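What you see is a predicted model, and the numbers here were worked out from it, not measured in a lab. In each ligand, atom 1 is the first atom listed, and ligand 1 is the first ligand listed. What's counted below: heavy atoms across the whole structure, side chains too, no hydrogens, waters or symmetry copies.
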Amino acid sequence: MTDAHVAVPPMAPELLVRARATKGFMPHDEGVALYSAATTAGLTGLGPLLEIGSYCGKSAVYLGAAARAGATVLFTIDHHRGSEENQSGWDHHDPSLVDSRTGRMDTLPVFRRAIEDAGLEAVVIAVVGDSATVARHWHTPLSFLFIDGGHGMAPAWADYTGWVPHVAIGGLVAIHDVFPDPAEGGQAPFELWSRAVVSGGFVPDEGASCASLRVLRRVSDRF
Ligand code: SAH
Ligand code: MG
């Protein structure tokens, strides 16, 4: 199976504009690559798309566009309390996302509005909870898994071991923020990607990858 045989329709112009305008951590070129890979996967009919790390909905707009193009849906998981790196005092903290009632992060209202404004409510399904907990109760094979949740070692590995087994053979796994050089970013996503490659269960798809967005095709049960 090669992607060359699958015609991916271009992402709708109004959704490109929406995605750019949405708060988040997804560079536009990587978002467009995410859309293309997820559309390719969705069109296989192997199952829905699933994202770990909804945050404010930016990547979910690219992936929601892909779900629509692939006649499937996106499940997107987040407890909406922020990762360690999103908390007050850390690099990726945004004070506007703090619930003044409790002092805790709450990205769910912003996420919800982003998906509403993009007109994607029919194809983007929010799952609010801890990723590893949802994974333990999940049974539906996936055509596409996007790992962009907690970037510390423990949460990243929990996402890999909990979710990769749910990806259908022939489906795709995309990992965000893969930086082989520690000077460029944290090493957990790169560790997951390296493990996938050496496991023998995946073939990297260089054509579908873009910058720190790395795409792999699942070819066997190993992971
Ligand atoms: N994909 C987003 C960015 C995700 S940031 C974008 O395009 O902008 C990472 C997100 O992972 C945060 O919103 C955080 O709340 C979530 N997260 C971290 N650990 C999690 C866990 N164990 N379960 C569910 N969500 C988690
Ligand atoms: Mg990311």
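In terms of polar-atom proximity, defined here as any N/O pair under 3.5 Å, K58 makes no such contact with ligand 1. Looking at ligand 1, you'll find an N or O of D148 within less than 3.5 Å of one of its N or O atoms. Geometrically, ligand 1 and F25 share a nitrogen or oxygen pair separated by less than 3.5 Å.
With ligand atoms numbered from 1 in the order given, ligand 1 contributes 7 (O) to contacts under 4.0 Å with heavy atoms of M26. The contact set between ligand 1 and G82, taken as ligand atoms under 4.0 Å from a residue heavy atom, comprises 14 (C), 15 (O). Within the listing of ligand 1, atoms 8 (O) sit less than 4.0 angstrom from a heavy atom of G24. Listed by number with element, the atoms of ligand 1 under 4.0 angstrom from any heavy atom of G129 are 23 (N), 24 (C). Within ligand 1, counting atoms from 1 as listed, the ones closer than 4.0 Å to a heavy atom of D130 are 21 (C), 22 (N), 23 (N).
In terms of heavy-atom proximity, R214 sits nearest to V178 at CG-CB, 3.3 Å.
In terms of hydrophobic clustering, with Ile, Leu, Val, Met, Phe, Trp and Tyr side chains grouped at heavy-atom distances under 4.5 Å, F202 and L213 are assigned to different clusters. Linking ILVMFWY side-chain heavy atoms closer than 4.5 Å, directly or via other members, places I175 and F179 in two distinct hydrophobic clusters. Taken together through direct or relayed side-chain contacts under 4.5 Å among Ile, Leu, Val, Met, Phe, Trp and Tyr, V134 and L142 form part of one hydrophobic cluster.
Within the coordination shell of the Mg ion (ligand 2), defined by N, O or S atoms under 2.8 Å, H151 is absent.
Taking the six-membered ring for Trp and thresholds of 30 and 60 degrees, F223 and Y160 have ring planes inclined between 30 and 60 degrees apart. Ring geometry for F144 against F146 counts as parallel: the plane angle stays under 30°, on a 0 to 90° scale with 60° as the upper cut. Classified by interplanar angle (parallel below 30°, tilted 30° to 60°, perpendicular above 60°), the ring pair H166/W138 is perpendicular.
At the Mg ion (ligand 2), the vertex angle linking OD2 of D177 with OD1 of D148 is 90° (nearest 10 degrees).
Among all non-hydrogen protein atoms, the one lying nearest atom 11 (O) of ligand 1 is G149 CA, 3.4 Å. In terms of protein heavy-atom proximity, atom 23 (N) of ligand 1 is nearest to S131 N, 2.9 Å.
For K58 (side chain) and F25 (main-chain N/O), no donor-acceptor pair under 3.5 Å exists by modelled atom type. Side-chain atoms of S209 come within 3.5 Å of backbone N or O of V215 as a donor-acceptor pair.
In this structure, D78 is part of the shell of residues with a heavy atom less than 4.0 angstrom from ligand 1. Contact analysis leaves C56 out of contact with ligand 1, as no non-hydrogen atom separation drops below 4.0 angstrom.
The closest heavy-atom contact to atom 18 (C) of ligand 1, among the options G57, A60, S83, comes from S83. When the heavy-atom distances from atom 25 (N) of ligand 1 to K23, H79, E30 are ranked, the shortest goes to H79.
Under 4.0 angstrom from ligand 1, the non-hydrogen atoms of N86 all belong to its side chain. Residue contacts with ligand 1 for P155 are absent, since no atom lies close enough (heavy atoms, distance under 4.0 Å).
Nearest N, O or S atom of H176 to the Mg ion (ligand 2): atom ND1.
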What do the steps show when you test H28 against Y62 for ring-ring contact (aromatic ring centres under 6.0 Å, His included), and what is the final call? CA-CA 9 Å; H28 190 65; Y62 295 100; 5.8 Å; yes

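A heavy-atom distance below 4.5 Å is not found between the side chains of S88 and V98.
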